[in-house]
Amino acid sequence: MKRVLIVEDEEDIRDFIVINLKRAGFEVLEAESGEEALAIIQNEKNLDIMLLDIMLPGIDGYKVLKKTRENNSSIGIIMLTAKSQEIDKVTGLSYGADDYIVKPFSPMELIARIDAILRRINNENNIENKKILTSGIFKLDLETRRFFKEDKEIELTQTEFLLIELFLKNEGKVLSRNEIIDSVWGSDYFGDIKVVDVNMRRVRQKVENDSSSSEYINTVRGFGYKWGKDK
Ligand code: CA
């Protein structure tokens with residue numbers, strides 16, 4: 001579920017947005033001040049979109065925008081502006097906002113803007129040489145070599161890392177033991193093929209909710225293994 005943070009001091013507008021986004025299937029977080037927004041951004045790592053009002057008491061929307069962009073380039077940010085703030089749109093975009101929307105707006109228009117940004121972010125992630133592989137609640141970062149199940153990090157050995165990488169790149173595909181050996185241990189490996197099973201058992205203990213279940217990793221008897229549902 002995509003997560004949206006709404007930063008808006010006017011309760012009526014905030015409630016209106018919250019209701020409509022929830023109805024559209026988003027998880028929604030709320031902040032009524034810039035200070036509150038920055039605190040949420042620090043603590044919540046998996047925010048997809050921020051809807052950011054410019055005129056806020058205390059820290060205004062621009063400052064929240066600048067602060068957020070200092071260490072988060074991935075969150076999509078849509079500025080909420082009043083009609084009288086024409087000039088501010090330009091400022092917002094130059095500070096790193098992805099889009100702006102002028103109040104009052106319809107829920108449909110807002111959701112269309114959000115979807116457009118989510119699509120763009122998704123495309124960038126796919127095209128940007130696949131530094132992060134994902135599958136449902138799992139995320140494998142190929143640069144930092146870290147693996148996460150939801151937000152919980154799972155420690156992997158080198159071999160386990162290569163196995164997970166192979167499976168996430170071949171989601172839904174049955175891989176034979178020989179294919180796994182070639183890809184993870186190298187085609188010059190002449191040891192016992194059972195090494196695959198031993199390691200797969202360990203991987204399964206780490207990824208499955210219950211080590212005897214096969215929610216994520218399926219054994220295909222006499223052949224090999226498969227990550228995820230059929231393709
Ligand atoms: Ca306001």
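- A donor-acceptor contact shorter than 3.5 Å is absent between the side chain of K103 and the backbone of L80.
- At least one donor-acceptor pair under 3.5 Å links the side chain of E8 to the backbone N or O of E10.
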- Dump the intermediate steps for salt bridge (charged side-chain N to carboxylate O under 4.0 Å, His left out) on R14 and D53, then the final yes or no. CA-CA 10 Å; R14 204 172 60 239; D53 184 29; over 6 Å; no
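- D48 contributes a side-chain N or O that, together with a main-chain N or O of R3, makes up a donor-acceptor pair within less than 3.5 Å.
- With rounding to the nearest 0.5 angstrom, the CD1 atom of I41 is 5.5 Å from the CD1 atom of I75.
- Here the side chains of V207 and F167 are not in contact, with every heavy-atom distance at 4.5 Å or above.
- Judged by distance alone, the side chain of T68 and the main-chain N or O of V64 form a donor-acceptor pair under 3.5 Å.
- Here F147 and F161 keep their ring centres 6.0 angstrom or further from each other.
- L140 and F148 fall into different hydrophobic clusters, where Ile, Leu, Val, Met, Phe, Trp and Tyr residues are linked whenever their side-chain heavy atoms come under 4.5 Å apart, directly or through other members.
- No side-chain donor-acceptor contact under 3.5 Å links E171 to the backbone of W227.
- Residues D182 and Y189 have side chains not in contact (no heavy-atom distance under 4.5 Å, counting atoms from C-beta outward).
- In terms of modelled atom types and a separation under 3.5 Å, the side chain of E32 and the main chain of E11 share no donor-acceptor contact.
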- Task: Evaluate the criterion salt bridge (charged side-chain N to carboxylate O under 4.0 Å, His left out) for residue pair D98 and R69; output intermediate values, then yes/no.
- Result: CA-CA 11 Å; D98 294 283; R69 278 291 181 245; 2.9 Å; yes
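- Checked by atom type, the side-chain pair T159/R202 shows no donor-acceptor distance below 3.5 Å.
- Counting only heavy atoms from C-beta outward, the side chains of Y225 and V196 approach each other to under 4.5 Å.
- Between L21 and L110 there is a side-chain heavy-atom pair separated by less than 4.5 Å.
- The main-chain N or O of T144 is found under 3.5 Å from a side-chain atom of D141 such that the two form a donor-acceptor pair.
- Note that CZ of F223 and CG of N178 are 9.0 Å apart. Values are rounded to the nearest 0.5 Å.
- Contact detail for M79 and A97: the closest heavy-atom pair is CG-CB, 3.5 Å.
- Across every non-hydrogen atom of N209 and E215, the tightest pair is ND2-OE1, 3.1 Å.
- Residues I114 and I19 do not share a hydrophobic cluster, clusters being chains of Ile/Leu/Val/Met/Phe/Trp/Tyr side chains in contact below 4.5 Å.
- From L133, atom CG reaches atom CG of L142 across 4.5 Å, with rounding to the nearest 0.5 Å.
- Looking at E153, its side chain never comes within 3.5 Å of a backbone N or O of R146 through a donor-acceptor pair.
- With rounding to the nearest 0.5 Å, the separation of CD1 in I59 from CG in L65 is 12.5 Å.
- The shortest distance between side-chain heavy atoms of E44 and L5 does not fall below 4.5 Å.
- Within the model, atoms CD1 of I49 and CD1 of I6 stand 11.5 Å from one another, a figure rounded to the nearest 0.5 Å.
- One distance of note links CD of E160 with CD1 of I164; it measures 7.5 Å at 0.5 Å rounding.
- Taking the side chain as every heavy atom from C-beta outward, R204 and T219 approach each other to under 4.5 Å.
- The minimum heavy-atom distance linking L56 with G34 is given by the pair CD1-N, 4.0 Å.
- Contact annotation: the side chain of E30 never approaches that of E36 to less than 4.5 Å [non-hydrogen atoms, C-beta and beyond].
- At least one side-chain heavy atom of K63 sits less than 4.5 Å from a side-chain heavy atom of D60.
- Distance alone, capped at 3.5 Å, places no donor-acceptor pair between the S135 side chain and the F138 backbone.
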- CA sep, side-chain torsions, deciding dist, call: K66, E70, salt bridge (charged side-chain N to carboxylate O under 4.0 Å, His left out): CA-CA 6 Å; K66 279 176 98 170; E70 279 170 14; over 6 Å; no
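- In terms of modelled atom types and a separation under 3.5 Å, the side chain of D192 and the main chain of V195 share no donor-acceptor contact.
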